[in-house]
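Only one structure is covered here, and it is reproduced in the block below.
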Amino acid sequence: MAEKKQALLLFSKPPVPGMVKTRLTTEHDGFLSPAQAAEFFKRSLYDVSELAMHALMELQMENDAAVAADPSVDKITYDFFVSTTPAENVELMKETYDAIGPWPLEIHYMTDKGATFDDHFDYAFKEIFAQGYEHIVSVGGDIPTMPKSHIVAAFQWLDYFQSIGKPGFVQAPCQECGTSLVGFSHNTPMDHQGVYYNLDGRPALDGYMEKLEERDVPSAFLSPVADIDEKTDLAHAISCMRAIKQAAVFQTDLFVPQRVLDWVDYMGIQVITPPNDEHDPRQYIDQE
């Protein structure tokens, strides 16, 4: 039996007014104040962190059961990391999480460095891999509709690719040709350079796809999950979160982002769309 470690990495800034979700504020064609935007982000960060921990605990229980049934099965430990920058923000992140602790899993705090987001991403992955972790799956803190099943499936796909001797890559797109989830293994010939920071207008998702093709890396695709940057993103997420809460009565494996929903209700935010006067008279359809 081998012992392995796998990591969930959450990139985040501290939820400080004026530092996060500025495109939701009135200064940038939004409808929130900087303090309100920061409160939204904090609640989203809490919900995403909890759902990620639940996914890791589910994976941990499955592995513990497998090891108990067959001692030759590899024993895996799943850890939760939060990376922020600059280094002085680590204490702010700790204070943010401690404010509503304790959490179901230990939180490993770290800082990332670089000149571009690509550099920061690579730095954090290299730091964690250097500690002996086999896989890293990374998500952002602004995706409260992220399915718990996505995180579970991401680690399972990376395990599968490793088992066939082809270290792989897994991703879930966002709504703007970027990514909401990215993961790969310590021996996957992959990096983030030129993906998010490029001057030729190539979408981040396409940047990853080019690297995968060039380096012959197998990949898994998970269904798109929208992050929240603009007011229209928030409107879409609110409708989805309400649908998730309704469905969770029967789909008991769904994670309900209740902290964000409570904030939406407290703020009295209502999602509206323009009236639809397209009455679609079907008698005019498919007539010869």
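Because the structure is a prediction, the values reported are computed rather than measured.
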Less than 4.5 Å apart, any side-chain heavy atom of E210 and any of R202? yes

Grab the two heavy atoms, one from G194 and one from D118, that are nearest each other, plus how far apart they are. N-OD2, 2.9 Å

Remaining members of M110's ILVMFWY cluster at a side-chain heavy-atom cut-off under 4.5 Å? L9, F11, F81, F117, F121, F125, I128, F129, Y133, I136, F169, V182, F184, M190, V195, Y196, L205, Y208, M209, L212, V217

According to the salt bridge (charged side-chain N to carboxylate O under 4.0 Å, His left out) rule, which pairs have a member within residues 180-197, sequence neighbours left out? D191-K211, D191-R215

For atom OH of Y109, is the number of surrounding heavy atoms from other residues, nucleotides or ligands below 6.0 Å larger than 12? yes

Please collect all salt bridge (charged side-chain N to carboxylate O under 4.0 Å, His left out) contacts where either partner lies in residues 45-55, sequence neighbours excluded, each pair once. D47-R259, E50-R259

side-chain contact (heavy atoms from CB on, under 4.5 Å) between V139 and L8: does it pass, once the steps are laid out? CA-CA 8 Å; V139 298; L8 188 289; 4.2 Å; yes

In chain order, what residues pass the ring-ring contact (aromatic ring centres under 6.0 Å, His included) check against H135, with sequence neighbours excluded? none

Cluster check M57, Y78: I/L/V/M/F/W/Y, side chain < 4.5 angstrom: yes

I'd like to know if the side chain of D74 and the backbone of E3 have a donor-acceptor N/O pair within less than 3.5 Å. no

Around atom CD of E62, are there more than 12 heavy atoms of other residues, nucleotides or ligands at under 6.0 Å? yes

Is there a path of hydrophobic side-chain contacts, each under 4.5 Å between heavy atoms of I, L, V, M, F, W or Y residues, that connects I100 with F80? yes

Measure the spacing between OG1 of T77 and CD of Q6 and express it to the nearest 0.5 Å. 9.5 Å

Test item: P167 and F161 side chains (from C-beta on) under 4.5 Å apart, heavy atoms: no

Verify the cluster assignment for M241 and F255: are they in a single hydrophobic cluster under the rule of side-chain heavy atoms below 4.5 Å apart? no

Starting from M61 and following side-chain heavy-atom contacts under 4.5 Å between hydrophobic residues (I, L, V, M, F, W, Y), which residues can be reached? none

Pair H150-S180, side-chain donor/acceptor within less than 3.5 Å: no

What heavy-atom pair brings K13 and T84 nearest, and what distance separates the two atoms? CA-OG1, 3.9 Å

Treating T116 as the side-chain partner and Y197 as the backbone partner, does any N or O pair qualify as donor plus acceptor under 3.5 Å? no

Test side-chain contact (heavy atoms from CB on, under 4.5 Å) on V137 and L181 and set out the steps. CA-CA 7 Å; V137 172; L181 177 151; 3.9 Å; yes

Taking only residues at least two apart or on different chains, which pairs with a member in residues 224-250 satisfy ring-ring contact (aromatic ring centres under 6.0 Å, His included)? none

Are L32 and M267 close enough, and set up right, to give a side-chain contact (heavy atoms from CB on, under 4.5 Å), and what steps lead you there? CA-CA 10 Å; L32 300 176; M267 292 289 294; 4.0 Å; yes

Is it the case that one hydrophobic cluster holds both L59 and I107, taking links as side-chain heavy atoms less than 4.5 Å apart, direct or via other members? yes

L105 side chain near D79 side chain, heavy-atom distance below 4.5 Å: no

Side-chain heavy atoms of T188 within contact of L158, under 4.5 Å: no

hydrophobic_cluster_shared for L51 and L45, side chain cutoff 4.5 Å: yes

Any chance you could lay out the side-chain hydrogen bond (donor to acceptor under 3.5 Å, both in side chains) test for E230 and T232, step after step, and finish with the verdict? CA-CA 5 Å; E230 312 278 355; T232 52; 6.0 Å; no

Find the distance between CD (E39) and CD (Q36) and round it off to the nearest 0.5 Å. 9.5 Å

Minimum heavy-atom separation for C174 and P224, please, with both atom names. O-CB, 4.5 Å

Atom OG of S83 and atom NE2 of H108: how far apart are they, to the nearest 0.5 Å? 13.5 Å

Spatial distance of atom CZ (R23) from atom NZ (K231) [nearest 0.5 Å]: 13.0 Å

Could I get the full list of side chain to side chain contact (heavy atoms under 4.5 Å, CB included) partners for I244, not counting sequence neighbours? T145, L254, V256, P257

Can you give me the closest heavy-atom contact between M53 and P104, atom names plus distance? SD-CD, 3.5 Å

Quick one: does K42's side chain have a donor or acceptor within less than 3.5 Å of a partner on A37's backbone? no

Show, in sequence, the C-alpha distance, side-chain angles and deciding distance for L261 and K245, and conclude whether the side-chain contact (heavy atoms from CB on, under 4.5 Å) test is met. CA-CA 9 Å; L261 280 172; K245 184 173 183 178; 4.0 Å; yes

Residue pair S72 / D70, side-chain donor-acceptor N/O under 3.5 Å: yes

Side chains of V48 and M146: closer than 4.5 Å at any heavy-atom pair? no

Determine which pairs satisfy salt bridge (charged side-chain N to carboxylate O under 4.0 Å, His left out) with at least one residue from residues 122-150, sequence neighbours left out, and list them in order. K4-E134, K21-D142, E58-K148

Closest non-hydrogen atom pair, V271 against S239: CG1-OG, 3.8 Å

Spatial distance of atom CD (Q251) from atom CD (Q246) [nearest 0.5 Å]: 11.5 Å

Can you find a pair of side-chain heavy atoms, one from R242 and one from V264, that are under 4.5 Å apart? yes

Pairs touching residues 23-53 that satisfy ring-ring contact (aromatic ring centres under 6.0 Å, His included), sequence neighbours left out: F40-W263, Y46-W103

For residues 85-100, which residue pairs qualify under side-chain hydrogen bond (donor to acceptor under 3.5 Å, both in side chains), counting only residues two or more places apart or in two chains? S49-Y97

Of all the heavy-atom pairs spanning L222 and A153, show the shortest one and how long it is. CD2-CB, 4.2 Å

Contact list for residues 167-176, test side-chain hydrogen bond (donor to acceptor under 3.5 Å, both in side chains), sequence neighbours left out: Q175-D227, Q175-D233

Could you list all the salt bridge (charged side-chain N to carboxylate O under 4.0 Å, His left out) pairs where at least one residue sits in residues 155-172, not counting sequence neighbours? K166-D216

Taking K113 first and then D119, would you say they form a salt bridge - that is, a charged N and a carboxylate O separated by under 4.0 Å? no

To the closest 0.5 Å, what do you measure between OG (S185) and CZ (F155)? 10.0 Å

